[in-house]
Novice: 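The structure that follows is given in the form of C-alpha cells.
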Amino acid sequence: MSRAATVRIAPSLLSADFGRLKDDLAMLEAGGADWLHFDVMDGSFVPPITFGTKVLETCRKLSSLPIDVHLMVNHPDTQLEDFAKAGASVITIHSEAASHLHRQVSRIRELGCKAGVTMNPGTPLDDIREVIADIDLLLIMSVNPGYGGQKFIPASLNKIARARTMLDAVHSSAALEVDGGVSRETITACWQAGADTFVAGNAVFSAKDPAAEIRALRALCSETV
Ligand code: DX5
Ligand code: ZN
C-alpha cells in the first residue's frame, strides 16, 4: 500500500519574514508547498496576537495555494464569515473555544470552506467524536498552541493513531493534520501513525534552503509506509 499521494506539507506563515512576505509566498509555492498554514491568535485563547483577515486577504492575492486557517481564538463563531470572505480555504476551530461545535462546523461549510477541528494536547480526542463524520480536517496539536519552534510532544503519536482509527471507522476522507514541532526527526513517525498533512514552521523557515526542506519532509513520508 502506498499513501504517498496524500502527503501535504503546509508551511506555517508564523515563521515567515513579514518584511518579505511576497517573496516568501512565491518561494513556498515554487518550492512545492501544498497548503499555507495561517495561525490566527487573539491574545486571549493563547497569549500572543498574530494576524487576521487583512493579512489573509494579502496572502490570498499573492498565492494560489489553499490557505489553511488555524483559529486559536475564543468565540470563533464571530470570526468565521470574515475569514471565509478574506480567502480561507480551510477553517479549523478549537473544541475548547467552540461552545456549539456542530453548528460552527456546519457554518464553516455553508460559507464554502472546508471545516477543521482541533484540540489542545491536554484535551481528549473524545471532544470531537460527535462531529467526526461532519469534518474535512482533524488537526492534532503536537505542542501547546501559541508559539512556533516548540518541541514535539511524543504522546501526540498515540493520539494521531487513535484519530486515524476514529476517521477510518466512519470511512472519512478528512485530512489528518499534525501541528507543532514537525521536523525531519518527527515527521516519519507522524506519517506512520496515520497523519497525512504536516504543518511545519520552524523546520521550513529556519532551513538554509526551505524548498529542499519541503522536499525532504515529503520524502520522509513517501519513502516509508
Ligand atoms: C503553534 C502554531 C503552529 C506553529 C508551528 O501554536 O499553531 O502552527 O506555527 O510551528 P513549528 O512548526 O515551528 O512548531
Ligand atoms: Zn497552527
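For the single chain, residues carry numbers from 1 onward in sequence order. Just so you know, ligand 1 is whichever comes first in the structure, and atom 1 is the first atom listed for that ligand.
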Novice: Got a salt bridge between E57 and K54, using NZ or NE/NH1/NH2 to carboxylate O under 4.0 Å?
Specialist: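 No.
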Novice: As a test of reading the structure, name the N/O/S atom of D39 that is nearest the Zn ion (ligand 2).
Specialist: OD1
Novice: Which atom, counting only N, O or S, brings H70 closest to the Zn ion (ligand 2)?
Specialist: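 In H70, the heteroatom (N, O or S) nearest the Zn ion (ligand 2) is ND1.
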Novice: Identify whether the distance between the nearest side-chain nitrogen and carboxylate oxygen of E213 and K208 falls below 4.0 Å.
Specialist: no
Novice: How many degrees, to 10°, between H37 NE2 and D179 OD2 as seen from the Zn ion (ligand 2)?
Specialist: 100°
Novice: Do L111 and V90 belong to the same hydrophobic cluster, where Ile, Leu, Val, Met, Phe, Trp and Tyr are linked whenever their side-chain heavy atoms lie under 4.5 Å apart, directly or via other members?
Specialist: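 Not linked; separate clusters.
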Novice: For R109 and D134, indicate whether the former's side chain and the latter's backbone hold a donor-acceptor pair under 3.5 Å.
Specialist: yes
Novice: Would you say S206's side chain and N202's backbone share a donor-acceptor pair under 3.5 angstrom?
Specialist: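 Present.
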Novice: Is E81 salt-bridged to R107, cutoff N-O under 4.0 Å?
Specialist: yes
Novice: Collect the protein residues that have a non-hydrogen atom under 4.0 Å from ligand 1 and hand them over in chain and number order.
Specialist: S12, L14, H37, D39, M41, H70, M72, M141, P145, G146, Y147, G148, G149, D179, G180, G181, V199, A200, G201, N202
Novice: Dump the intermediate steps for salt bridge (Lys or Arg N to Asp or Glu O under 4.0 Å) on R129 and D126, then the final yes or no.
Specialist: CA-CA 5 Å; R129 186 176 290 281; D126 271 345; 2.9 Å; yes
